[in-house]
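Heavy-atom basis, side chains included; hydrogens, waters and symmetry copies ignored. So you know, we letter chains A, B, ... as the sequences are listed, proteins then strands, and number each from 1. As the structure is a computational prediction, the values presented were derived from the model and not from experiment.
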Amino acid sequence: MNELIHGGLYGGMIVGVLMTTTAMALWFERKFAARMQSRLGPTMVGPSGLLQPFADVVKLLQKEDIVPFQADRVLFNLAPPLGAIAAISVAAVIPFSADIIAADLDVGVLYLLAIGALGVLPVFIAGWGSNNKFALLGGMRALAQSVSYEVPLVLAALVPVILTGSMKLSAIVEFQATHHWLVVWPFFLGVPAFIIFMLAMLAEANRIPFDIPEAESELVAGITTEYTGIKFALFYMAEYVHTLVASAVGAALFLGGWDGPFAPGLGWMVAKTLALFGFVYWLRWTLLRFRSDQLMALCWRYLVPAGVVLVAASAVWVVWVG
Amino acid sequence: MSIEQVLFYVFAVAIVASASAVVFLRNPVGSAMSLVACFFFLAGVYVLLWAHTIAALQVLVYAGAIMVLFLFVIMLLSLTDTGPLVQLTPSRAAGALAAVAVFSALIVALKKLPDVAPGWTADPSQVARFGTIQYLGEVLYTKWLFPFEAVSLLLLVAIVGAVVVAKPRI
């Protein structure tokens with residue numbers, strides 16, 4: 001029974017914190033983008049533009065909820081909540097500090113990869129259920145992208161697992177706290193694996209430069225074409241949560257998680273996560289979208305072979321040096 | 001009833017319901033999604049059996065990767081709104097017979113099982129160790145090394161076969 005209460009409390013807390021952070025991230029992104037690209041508005045709504053997320057939410061809630069003619073109603077309505085659930089569930093295994101972990105699973109890394117792999121299915125059923133050719137094309141692209149980037153993602157996630165000898169996220173961070181952060185030493189394994197991991201995670205979250213399932217310049221809005229109001233908001237939110245969680249996982253696996261001097265563990269973890277998160281935004285407003293075939297070439301020609309080499313090198317390193 | 005029993009019945013009912021939906025739904029994508037749900041609830045049962053690693057792999061490999069391939073196949077085949085009418089062809093009759101045969105074999109095997117599984121222990125430390133990835137790795141690379149390698153070879157043969165079959169068309 002204690003475990004149930006523990007799980008419920010932590011679950012509620014994490015979902016609450018994630019939702020608040022998402023609203024703040026929305027504000028941050030709007031303002032950041034406005035500064036980078038001279039957009040008017042987001043910097044001016046309320047003090048420092050702080051009221052922008054509220055304005056966005058109120059606007060979205062007011063919209064009429066439309067289900068297209070001859071859409072697959074069940075799948076169409078099921079997709080947004082499923083997408084949100086898949087994005088939030090990953091947060092269960094993130095070690096926020098040495099003792100704030102909702103579920104410190106023995107197979108933590110496998111769990112987050114598994115739930116991450118499920119994340120593409122809501123995107124696809126949104127594309128299929130909408131009965132819209134742009135949405136369907138977006139869904140097909142999402143499938144192709146996800147199944148390809150799954151491979152480098154798993155390979156890159158294996159590197160910290162091999163180097164630290166555990167799949168438990170708390171044990172991986174603990175190892176980095178007592179030895180070195182994986183991006184510091186052995187950096188020739190840690191840094192490339194970290195880069196591949198973050199790229200593949202961004203691809204799974206459909207963020208620019210990997211947002212070809214949405215690609216508003218060619219596919220109207222891709223999978224979200226037919227979605228309005230709160231359902232669109234759920235998709236939008238799932239994307240933010242996914243990015244946030246990806247940053248947290250990257251920080252835990254490669255950047256030493258809660259480890260750091262002077263400040264409490266939670267502070268370090270949050271700082272590292274937000275730094276990665278900010279970097280993702282920086283990329284988003286700087287880079288252009290890849291073309292579909294370039295995306296596949298990047299994955300299969302460069303990331304996958306590099307991942308295989310890294311995994312083999314990590315095994316050699318652990319046996320002969322570490 | 002303990003909480004595990006309640007969860008087991010929830011998962012069991014959900015598995016049977018989603019598995020039936022796979023067969024009875026007309027929409028192929030609906031069927032595929034029901035299959036995902038079925039895999040997911042099955043993973044829940046694995047967790048109840050203390051097999052956490054298998055549960056995570058079940059979701060990762062089947063619900064994640066293999067279902068995406070299924071969906072690809074569904075999208076690449078030209079589909080009509082109404083599926084084919086049910087007709088009794090020889091292959092279908094054989095399929096039905098095989099299903100009945102497998103089901104009866106399973107029932108017979110189930111009847112022969114001892115009440116308490118061999119090697120069963122209620123010792124919490126032993127049970128907690130049982131489903132872990134360390135234990136799985138240990139037995140996989142010592143006791144069951146040959147079957148493990150044989151399966152790898154089988155997969156390699158399948159991949160090479162797929163490339164050979166697809167190559168002229170690439």
Side-chain angles (χ1 to χ4, degrees), chain A residues 1 3-4 7 70 72-76 78-79 82 85-86 89 93 103 105-131 136-137 139-151 153-154 157 161 165-168 171 204, chain B residues 2-4 6-7 18 21 25-44 46-47 50-76 79 81 127-137 170:
Chain A
M1 218 50 200
E3 281 172 22
L4 271 186
Q70 284 200 338
D72 189 322
R73 293 190 77 95
V74 179
L75 291 182
F76 185 80
L78 207 58
L82 279 185
I85 292 171
S89 312
V93 291
L105 293 184
D106 173 53
V107 286
V109 174
L110 263 188
Y111 168 87
L112 69 91
L113 291 174
I115 302 291
L118 280 186
V120 69
L121 293 173
V123 174
F124 173 76
I125 57 178
W128 170 273
S130 296
N131 192 27
L136 188 59
L137 278 173
M140 285 292 282
R141 286 180 177 192
L143 274 187
Q145 182 175 324
S146 161
V147 81
S148 309
Y149 276 85
E150 191 77 358
V151 182
L153 182 66
V154 172
V161 170
S166 179
M167 279 209 166
K168 204 176 196 168
E204 295 251 304
Chain B
S2 69
I3 187 120
E4 279 87 1
V6 175
L7 280 175
S18 50
L25 278 182
R26 290 220 141 182
N27 181 344
V29 174
S31 289
M33 286 305 146
S34 309
L35 195 55
V36 173
C38 184
F39 287 149
F40 204 80
F41 294 126
L42 199 59
Y46 287 147
V47 171
W50 287 90
H52 301 102
T53 312
I54 304 290
L57 285 175
Q58 163 89 6
V59 174
L60 178 65
V61 175
Y62 285 94
I66 296 208
M67 281 319 294
V68 171
L69 292 182
F70 272 33
L71 287 171
F72 260 115
V73 173
I74 292 173
M75 305 298 290
L76 293 176
L79 291 169
D81 278 346
V127 174
R129 185 171 173 271
F130 165 71
T132 61
I133 197 149
Q134 287 90 345
Y135 183 69
L136 195 74
I170 287 175

(request) Evaluate side-chain contact (heavy atoms from CB on, under 4.5 Å) for B:L71 paired with A:L121, printing each intermediate quantity in order. (result) CA-CA 9 Å; B:L71 287 171; A:L121 293 173; 3.5 Å; yes
(request) Determine the minimum heavy-atom distance between B:A56 and A:Y111, stating which atoms define it. (result) CB-N, 4.4 Å
(message) With a 4.5 angstrom heavy-atom cut-off, is it the side chain or the backbone of A:L75 that approaches chain B, or both, or neither?
(response) side chain
(message) To the closest 0.5 Å, what do you measure between NE2 (B:H52) and CG (A:L110)?
(response) 12.5 Å
(request) Under 4.5 Å, heavy atom to heavy atom: which of residues 37-44 of chain B reach chain A? Give them by number, or say none. (result) B:F40
(request) Tell me, yes or no, whether the heavy-atom count around B:F72 atom CZ, taken from other residues, nucleotides or ligands under 6.0 Å, exceeds 12. (result) yes
(request) Can you tell which part of B:V61 gets under 4.5 Å to a heavy atom of chain A, answering side chain, backbone, both or neither? (result) neither
(message) On a heavy-atom basis, which atom in B:V29 and which in A:I125 lie closest, and how many Å separate them?
(response) CG1-CG2, 4.4 Å
(request) Could you list the residues that satisfy side chain to side chain contact (heavy atoms under 4.5 Å, CB included) with A:I85, not counting sequence neighbours? (result) A:S89
(request) Count the heavy-atom pairs under 4.5 Å between each of A:L78, A:V154, A:V147, A:L143 and chain B, then report the option with the highest count. (result) A:L143
(message) Is B:Q58 close to chain A through its backbone or its side chain, or both, or neither, when contacts mean heavy atoms under 4.5 Å?
(response) neither
(message) Among A:V107, A:V161, A:V109, exactly one meets side-chain contact (heavy atoms from CB on, under 4.5 Å) together with B:I133. Which residue is that?
(response) A:V107
(request) Tell me, out of B:L57, B:V36, B:L69, B:V59, who's got the most heavy-atom pairs with chain A below 4.5 Å. (result) B:V59
